[in-house]
Amino acid sequence: MNHFLTSRALDGTSWRTVEKAALALADFWDYLFYNGIAFREASLQDLKNYTASGCSRFGNVVAFGPLSRINYTETDAAKLNIILSFYRFLAKEHGITLREHRGETLATITLKRIGSKVEEDGTPVTLPYREEQKQKIRKRRPTPNVEQAGEIIHSTQTEKDPNRRSTWFLIANLERFAGFRAVGCSSVRLTSIYASLGEEALFLRSGLAQKLKQATGDWKLQLEIKSLLAQISVHGRKYIPISIVEKGGNSRLAPVPIPLVVEILDYAWSEREAFIKKRQQRHPDYEAPDELFLSFKTGSALQNDSISNKLSSVFRKCKIPGSGHRLRATFCQEVVRDLYLRDRALNGRAWQPGVVIATAREMMGHLSVETLESYLNDIVNQENSYQGEPVLVRDLEDAAVIRGLSDMYEGESAEWVRAELKRVLLEAGGAPRKESNMFRSLDELERA
């Protein structure tokens with residue numbers, strides 16, 4: 001069992017996942033012991049009985065016949081998968097022979113042979129003696145506002161070691177301004193960053209696309225790279241799409257702000273490189289992995305569990321409820337709000353929630369739309385309580401002027417400014433165009 005768990009850890013499985021696997025195997029091992037079953041002789045029927053007992057070490061329920069199918073929860077399915085993986089591992093070990101039952105062992109069966117997973121729609125359980133499992137209640141944590149998110153990012157700068165200080169600062173910024181999850185931060189690779197830059201037209205035309213990996217230690221090449229990124233910004237671009245791996249092993253292109261890309265490159269060329277050289281002095285055979293963020297203890301890729309634990313401690317230190325994932329929520333909420341206001345300003349009451357959700361989902365890598373719908377509902381409810389309307393202004397300078405006029409509407413000269421603007425509009429051949437808030441329109445209709 002120790003060999004199996006060690007192999008999973010060496011394959012890159014997080015320590016928390018390995019710990020859960022150990023607990024699942026210990027639970028099944030105790031079940032076999034209490035029922036007088038040797039682990040080499042366990043059969044499919046034994047595993048069905050264990051499942052019918054609620055995957056409990058003290059279970060004593062027996063399934064109705066060898067052909068019965070057992071319903072199990074998603075939590076039980078995870079335990080059963082670990083058990084089956086363990087027996088497949090045993091089958092490959094020298095000197096271990098598993099007893100066959102009707103020509104098969106636990107190493108040869110699949111989860112479908114046991115039964116079916118119980119869905120949330122209340123699918124009835126075939127066995128009336130199924131141990132009831134407590135439903136986990138998840139409390140929805142509030143999304144940090146802009147000031148709170150800034151305080152959390154600032155608090156990552158208290159580390160004394162420059163590498164750790166820069167690492168946590170960049171990770172917090174990636175979650176806040178690029179919508180990364182912890183697993184996405186742990187999966188960022190230097191080759192992915194260089195590949196994204198190498199696909200940019202300016203890098204291809206300048207010939208730097210093939211030299212990006214040589215930038216470490218070459219300050220002239222580093223300046224050229226930063227200069228091209230500055231030119232990309234001048235042309236109106238805000239983001240560089242970088243490939244990352246998110247939960248479930250799905251990859252996506254995450255939009256990373258160009259100033260943050262520059263900081264990441266500086267980190268890779270300085271603090272990260274200094275950490276690698278320092279470690280190689282103590283461990284001459286050490287070779288740094290391709291991941292951007294490295295573990296301070298082992299030198300391997302920084303695990304997402306370590307990232308989550310660290311940022312959770314920063315939240316607690318700042319006395320702000322939540323965890324690092326809530327920084328991503330701040331980013332998500334801003335993206336949904338921006339997309340909604342643009343669509344609302346362009347289309348008025350004909351705005352399409354589906355368009356907003358679909359665009360946001362693609363940008364942030366959500367598998368489910370439920371979370372995004374909650375953000376949109378919150379934003380729409382806020383609009384319902386506001387006295388005002390979203391208006392799209394395409395030009396940045398015009399937007400600045402409109403904001404200034406909006407401030408004047410709140411001042412002592414509001415009536416004069418309003419009259420003058422209306423006069424200029426009419427003289428130019430225009431006319432006021434009303435587009436009432438659709439929720440207040442419904443309220444007015446109900447009152448009528």
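Side-chain atoms are counted along with the backbone in the values below, which use heavy atoms only and exclude waters and symmetry mates.
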Query raised in the report: Quick one: which of L292, I171, T167 gives a side-chain contact (heavy atoms from CB on, under 4.5 Å) with C185?
Result: I171
Report task. Using the test side chain to side chain donor-acceptor pair (under 3.5 Å), find all partners of N2 that sit at least two apart in sequence or belong to another chain. Result -> none
Report task. Decide salt bridge (Lys or Arg N to Asp or Glu O under 4.0 Å) for E104 and R99; before the verdict, give the C-alpha distance in whole Å, the side-chain angles of both, and the deciding distance to 0.1 Å. Result -> CA-CA 8 Å; E104 62 183 8; R99 181 180 174 183; over 6 Å; no
Can you check whether [Y]'s main-chain N or O pairs, donor with acceptor, with [X]'s side chain at less than 3.5 Å?
X	Y	answer
S406	I402	no
S187	V245	yes
S308	N304	yes
S56	F58	yes
R237	Y239	yes
N35	I37	no
Q148	N145	yes

Grab the two heavy atoms, one from [X] and one from [Y], that are nearest each other, plus how far apart they are.
X	Y	value
E271	S166	OE2-OG, 3.1 Å
L204	G198	CD2-O, 3.1 Å
A254	F180	CB-CE1, 3.3 Å
N81	R88	O-NH2, 4.4 Å
E200	P241	OE2-CD, 4.3 Å
E291	R189	OE2-NH2, 3.0 Å

Any side-chain heavy atom of [X] within less than 4.5 Å of one from [Y]?
X	Y	answer
I242	L253	no
S251	I244	no
L302	L294	no
F203	I225	yes
E19	L5	no
I83	W29	no
V146	R176	yes
F293	L170	yes

Spacing of [X] atom [atom1] and [Y] atom [atom2] [to the nearest 0.5 Å]:
X	Y	atom1	atom2	result
E151	T156	CD	OG1	11.5 Å
F86	F28	CZ	CZ	9.5 Å
D285	E287	CG	CD	8.5 Å
S270	Q222	OG	CD	8.0 Å
L25	M1	CG	CE	5.0 Å
L212	Y194	CG	OH	7.0 Å

Requested in this report: Find out whether the Lys NZ or Arg CZ of R279 is both under 6.0 angstrom from the six-membered ring centre of Y286 and within 45° of the ring's axis.
Outcome: yes
Report task. Decide yes or no on side chain to side chain contact (heavy atoms under 4.5 Å, CB included) for I276 and R272, but give the supporting numbers first. Result -> CA-CA 6 Å; I276 293 173; R272 183 181 185 275; 3.4 Å; yes
Report task. Salt-bridge test for D266 and K226: reply yes if a basic N is under 4.0 Å from a carboxylate O, no otherwise. Result -> yes
Report task. Using a strict cut-off of less than 4.0 Å between a Lys/Arg side-chain nitrogen and an Asp/Glu carboxylate oxygen, indicate whether E224 and K211 qualify as a salt bridge. Result -> no
Report task. Check the pair L228, S206 against side chain to side chain contact (heavy atoms under 4.5 Å, CB included), reporting the backbone distance first and the verdict last. Result -> CA-CA 9 Å; L228 289 184; S206 66; 3.3 Å; yes
Query raised in the report: Which is it for N309 and R16 under the side chain to side chain donor-acceptor pair (under 3.5 Å) test, yes or no, and what are the steps along the way?
Result: CA-CA 11 Å; N309 293 338; R16 185 172 295 177; 3.1 Å; yes
Requested in this report: Test side chain to side chain contact (heavy atoms under 4.5 Å, CB included) on V314 and T158 and set out the steps.
Outcome: CA-CA 10 Å; V314 174; T158 58; over 6 Å; no
Verify the distance criterion only: is there a donor paired with an acceptor across the side chains of [X] and [Y] at less than 3.5 Å?
X	Y	result
T298	S300	yes
Y87	T108	no
Y31	D46	no

Query raised in the report: Can you tell me if OH on Y34 sees more than 12 non-hydrogen neighbours from other groups inside 6.0 Å?
Result: yes
Query - Residues F4, L90; criterion side chain to side chain contact (heavy atoms under 4.5 Å, CB included); working and verdict - result: CA-CA 8 Å; F4 169 72; L90 285 180; over 6 Å; no
Requested in this report: Tell me, with the steps shown, if F169 and H154 meet ring-ring contact (aromatic ring centres under 6.0 Å, His included).
Outcome: CA-CA 8 Å; F169 174 77; H154 179 73; 9.4 Å; no
